[in-house]
Amino acid sequence: MIDNVKFQITDKNKFENFDETNKTVDLTTSINLFTSEINLYPKRGKYQNLDISITPLNAYINGSLHKFNNLVLFEKDHNHNDFNLCQINYIIDYLTEMFNIENSTSLTNLEFGFNINVSKDPQEIIDFNLLMYKNKHHNRDDKFGGKGDFKEFKTTDFNIKIYNKSKQYNLREHTLRVELKITSKRYLQNLNVFKLEDLNEKEVLFRLYERLLKEINELTIVDYFYGLNISKIDKENLIKFTNPNYWKQLKRDKSLKVCNRIKRDFKLLVEKHNLDKTKNEILEKIDLKFQELLTDCNENL
């Protein structure tokens with residue numbers, strides 16, 4: 001569920017002094033090669049996969065809690081396995097105690113999502129079924145030199161990321177990653193998520209889950225229809241409705257009432273020809289995975 005986080009340490013001086021006393025992280029700074037003057041800031045370091053940065057005014061920690069958990073518990077540098085509530089509780093307690101930052105953090109960025117096993121190659125879903133978000137084209141489509149497939153839809157406060165986890169880690173299962181990447185502290189606070197320890201709470205995870213579902217439902221995910229035996233007019237409308245340029249022009253030229261009517265027509269057309277199987281499977285698998293990861297913490301890690 002929880003992957004990358006970025007948070008500010010609210011008492012920077014306490015954090016810095018604690019590290020200097022306990023040598024928790026080997027921090028480095030820079031030197032002027034001409035004057036030999038040592039710059040006190042910024043100080044930077046790394047603990048496992050977590051990046052630590054200290055400036056004269058602030059201190060931040062940034063990195064994947066999921067990977068951090070796997071490195072601490074299993075010495076494995078990946079995040080393709082499950083990361084349940086019990087493990088989240090454990091690794092947050094571990095992290096806050098190790099750095100002496102209990103209840104003294106302010107979350108600024110967060111990735112919340114799921115690795116789900118789907119019935120077909122995630123590359124097919126990304127290339128042919130995942131088309132738009134709110135009838136707009138994706139902002140980013142990367143292939144990572146053949147090592148992965150990735151689409152991202154960006155907004156002011158968050159991004160929707162869909163990528164091929166099985167190709168990224170050469171997995172045998174068809175594993176798709178669906179993720180809400182929150183890039184705004186304000187957005188987090190509107191969800192009543194303020195500090196790192198808030199992520200221990202089921203109620204917080206439920207709010208994040210509901211927001212993720214809301215945004216997934218805004219995605220246009222349509223099954224491949226070109227080879228289907230359907231009427232000419234239905235096929236022409238599907239081609240038109242799955243084109244983001246059509247919606248851009250429609251929004252410019254038509255009223256909101258007309259746009260909403262045509263959106264309903266598109267939805268009915270998808271349902272008529274049963275072209276929502278992939279999207280329904282994704283939503284169903286996410287729901288099952290979320291329930292599975294809300295593991296009773298009396299169970300084993």
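Throughout, residue positions are numbered sequentially from 1 according to the sequence presented. Bear in mind that the values here come from a model prediction, so they are computed numbers and not experimental data.
Counting heavy-atom neighbours within 6.0 Å of Leu268 CG, excluding the residue itself, gives a total above 12. The environment of NZ in Lys120 is crowded: more than 12 heavy-atom neighbours from other residues, nucleotides or ligands sit within 6.0 Å. Within 6.0 Å of CD in Glu236 there are more than 12 heavy atoms belonging to other residues, nucleotides or ligands. Summarising the local packing, NZ of Lys240 is surrounded by more than 12 heavy atoms from other residues, nucleotides or ligands at distances under 6.0 Å. Within 6.0 Å of atom CD in Glu75, 12 or fewer heavy atoms from other residues, nucleotides or ligands are found, so the atom counts as exposed in its surroundings.
Ring geometry, Phe99 versus Tyr47: the interplanar angle exceeds 60°, so the pair is classed perpendicular (tilted spans 30 to 60°). Aromatic ring pairs are classed by plane angle as parallel below 30°, tilted from 30° to 60° and perpendicular above 60°; the pair His66 and Phe83 is parallel. Aromatic ring orientation, Tyr133 versus Phe153: tilted (interplanar angle from 30° to 60°).
Residues Leu176 and Ile282 share a closest heavy-atom pair of CD2-CD1, 3.9 Å. When all heavy atoms of Asn139 and Lys154 are compared, the closest pair comes out as OD1-N, 2.5 Å. Closest approach of His78 to Lys67, counting heavy atoms only: O-CG, 3.6 Å. Nearest heavy atoms, Gly45 versus Leu27: N-CD2, 3.7 Å. Across all their heavy atoms, Leu188 and Thr108 have their closest contact at CD1-C, 3.8 Å. The shortest heavy-atom contact between Ala59 and Phe15 is CB-CD2, 3.7 Å.
Checking side-chain atoms of Asn159 against main-chain N and O of Lys161 turns up no donor-acceptor pair under 3.5 Å. Remark: side-chain polar atoms of Asp223 are paired, donor with acceptor, to backbone N or O of Lys277 under 3.5 angstrom. When atom types are taken as modelled, the side chain of Thr29 and the backbone of Asn39 share a donor-acceptor pair closer than 3.5 angstrom. With hydrogens and angles ignored, the 3.5 Å screen pairs a side-chain donor or acceptor of Thr28 with a backbone N or O of Arg44. Lys12 contributes no side-chain N or O that, together with a main-chain N or O of Tyr60, makes up a donor-acceptor pair within less than 3.5 Å. No donor-acceptor pair under 3.5 Å is formed between the side chain of Asn135 and the backbone N or O of Pro244. At distances below 3.5 Å, at least one donor-acceptor pair connects side-chain atoms of Thr10 with backbone N or O atoms of Ser104. Judged by distance alone, with hydrogens and angles left aside, the side-chain atoms of Asn115 form a donor-acceptor pair with the main-chain N or O of Asn79 at under 3.5 Å. Using modelled atom types, no side-chain atom of Lys248 and backbone atom of Lys136 make a donor-acceptor pair closer than 3.5 Å. Under the 3.5 Å distance criterion, the side-chain polar atoms of Glu20 are left unmatched by any main-chain donor or acceptor of Asn17.
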Report task. Given side chain to side chain contact (heavy atoms under 4.5 Å, CB included), test Lys272 with Ile230 step by step and report yes or no. Result -> CA-CA 10 Å; Lys272 173 184 176 182; Ile230 60 179; over 6 Å; no
Report task. Test Tyr163 against Lys151 for side chain to side chain contact (heavy atoms under 4.5 Å, CB included), laying out the working first. Result -> CA-CA 6 Å; Tyr163 55 98; Lys151 273 186 182 176; over 6 Å; no
Query - Stepwise side chain to side chain contact (heavy atoms under 4.5 Å, CB included) check, Leu275 with Leu228 - result: CA-CA 10 Å; Leu275 298 175; Leu228 295 181; 3.6 Å; yes
Query raised in the report: Do Asn200 and Asn89 pass the side-chain hydrogen bond (donor to acceptor under 3.5 Å, both in side chains) test, and can you show the C-alpha distance, the side-chain angles, and the key distance before you say yes or no?
Result: CA-CA 5 Å; Asn200 281 327; Asn89 294 165; 2.8 Å; yes
**Report entry** Full working for side-chain hydrogen bond (donor to acceptor under 3.5 Å, both in side chains) between Thr175 and Asn117
**Finding:** CA-CA 4 Å; Thr175 305; Asn117 291 335; 2.8 Å; yes
Report task. Check the pair Gln8 / Asn58 against side-chain hydrogen bond (donor to acceptor under 3.5 Å, both in side chains), numbers first and verdict last. Result -> CA-CA 7 Å; Gln8 181 181 356; Asn58 299 305; 2.9 Å; yes
Query raised in the report: Are Phe225 and Ile239 close enough, and set up right, to give a side chain to side chain contact (heavy atoms under 4.5 Å, CB included), and what steps lead you there?
Result: CA-CA 9 Å; Phe225 57 84; Ile239 292 171; 3.8 Å; yes
Report task. Could you walk me through whether Lys181 and Glu179 pass salt bridge (Lys or Arg N to Asp or Glu O under 4.0 Å), step by step? Result -> CA-CA 6 Å; Lys181 179 181 179 181; Glu179 187 172 87; over 6 Å; no
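For the atom pair Trp247 CH2 and Arg252 CZ, the distance stands at 15.5 Å (nearest 0.5 Å). Annotation: the span from Ile221 atom CD1 to Leu131 atom CG amounts to 8.5 Å, rounded to 0.5 Å.
Counting heavy atoms from C-beta on, the side chains of Asn4 and Asn109 never come closer than 4.5 Å. Put simply, the side chain of Asn190 does not reach to within 4.5 Å of the side chain of Asp157, judged on heavy atoms. A heavy-atom distance below 4.5 Å is found between the side chains of Lys185 and Ser106. Proximity of Tyr187 to Arg211: side-chain heavy atoms (C-beta onward) are separated by under 4.5 Å at one or more points. The side-chain heavy atoms of Glu102 and Glu97, taken from C-beta on, include a pair separated by under 4.5 Å. Side-chain contact between Asn100 and Asp19: absent, with no pair of heavy atoms (C-beta onward) separated by less than 4.5 Å. Looking only at side-chain heavy atoms (C-beta outward), Arg261 and Arg264 come within less than 4.5 Å of each other.
Electrostatic pairing of Lys289 and Glu292 counts as a salt bridge here, judged by a charged N lying under 4.0 Å from a carboxylate O. Remark: Lys214 does not engage Glu210 in a salt bridge, criterion side-chain N to carboxylate O under 4.0 Å.
Two rings, from Tyr209 and Phe112, have their centers 6.0 Å or more apart.
Following chains of ILVMFWY side-chain contacts shorter than 4.5 Å, one can reach Phe206 starting from Leu208, so the two form part of one hydrophobic cluster. The hydrophobic clustering, which links ILVMFWY residues whose side-chain heavy atoms are closer than 4.5 Å, places Phe74 and Met98 together. Both Leu269 and Tyr226 are members of a single hydrophobic cluster when ILVMFWY side chains are connected at heavy-atom separations under 4.5 Å. In terms of hydrophobic clustering, with Ile, Leu, Val, Met, Phe, Trp and Tyr side chains grouped at heavy-atom distances under 4.5 Å, Phe7 and Leu191 are assigned to a common cluster. Under a hydrophobic-cluster definition in which Ile, Leu, Val, Met, Phe, Trp and Tyr are linked whenever side-chain heavy atoms come within less than 4.5 Å, directly or via other members, Phe290 and Leu199 are assigned to the same cluster.
A side-chain contact (heavy atoms from CB on, under 4.5 Å) with Lys46 is found for one member of Asp26, Val25, Asp51 and no other, namely Asp51. If you run side-chain contact (heavy atoms from CB on, under 4.5 Å) between Leu293 and each of Ile88, Asp82, Leu205, Ile2, only Asp82 comes through. The side-chain contact (heavy atoms from CB on, under 4.5 Å) test with Asn69 singles out one residue from Ile91, Asn81, Leu95, Asn84, and that residue is Ile91.
A donor-acceptor contact closer than 3.5 angstrom links the side chains of Ser64 and Asp3.
Among pairs with a residue in residues 187-201, those fulfilling salt bridge (Lys or Arg N to Asp or Glu O under 4.0 Å) read Lys195-Asp198, at least two apart in sequence or across chains.
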